[in-house]
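Encoded as structure tokens, the structure appears first; notes follow it.
Hydrogens, waters and symmetry mates play no part in the numbers below; they use all other heavy atoms, side chains included. As the structure is a prediction and not an experimental result, all values here were calculated from the model.
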Amino acid sequence: IKSPVTTKAPPPAKSPAEIAADYRSQVAHVAEFAQLAESGRMTDLDADALAATEDLAAGTRATLAAAGRLDLIGGAR
């Protein structure tokens with residue numbers, strides 16, 4: 001007996017404004033982790049999360065740059 005295969009439609013693509021909001025949130029998290037590091041209370045797990053968030057923010061910024069929409073985050077076109 002074969003089970004029916006169901007596929008979900010991919011989520012709709014985010015607008016440049018939504019991507020810019022994601023970037024701002026990621027940058028805010030990076031700043032929070034940086035303050036934690038400066039306080040001397042950063043754990044190894046926090047350090048890993050900081051690195052991952054920095055990578056995510058860099059990728060998000062690259063997406064905005066490729067779309068020519070750095071203006072949404074205060075960057076040059």
Side-chain angles (χ1 to χ4, degrees):
I1 299 175
K2 276 189 168 180
S3 63
V5 176
T6 58
T7 58
K8 290 184 179 180
K14 288 186 174 184
S15 71
E18 291 170 317
I19 295 169
D22 289 346
Y23 177 79
R24 287 188 291 275
S25 176
Q26 293 156 2
V27 169
H29 287 293
V30 167
E32 290 171 5
F33 281 121
Q35 288 178 348
L36 188 61
E38 287 178 11
S39 74
R41 296 179 295 138
M42 179 172 266
T43 66
D44 290 343
L45 185 60
D46 292 330
D48 290 345
L50 170 59
T53 305
E54 287 174 328
D55 289 346
L56 189 57
T60 304
R61 186 182 189 289
T63 299
L64 288 168
R69 295 307 315 260
L70 289 178
D71 60 301
L72 294 174
I73 58 170
R77 281 190 173 241

Quiz prompt | Within 6.0 angstrom of D44 CG, more than 12 heavy atoms from elsewhere | solution = no
Quiz item: Among the clusters formed by ILVMFWY side chains lying less than 4.5 Å apart, do V30 and I73 turn up in the same one?
Solution: no
Quiz item: Is there a path of hydrophobic side-chain contacts, each under 4.5 Å between heavy atoms of I, L, V, M, F, W or Y residues, that connects L50 with V27?
Solution: no
Compare every heavy atom of [Y] with every heavy atom of [X], then report the nearest pair and how far apart it is.
X	Y	answer
R24	A17	NH2-O, 4.3 Å
T60	Q26	OG1-OE1, 3.0 Å
A13	E18	O-OE1, 4.4 Å

Got a second to check how far [X]'s [atom1] is from [Y]'s [atom2], nearest 0.5 Å?
X	Y	atom1	atom2	result
Y23	L64	OH	CG	8.5 Å
H29	L56	NE2	CG	10.0 Å
E32	D46	CD	CG	11.0 Å

Exercise. Using only heavy-atom distances, determine whether the side chains of D22 and S25 contain a donor-acceptor pair under 3.5 Å.
Key: no
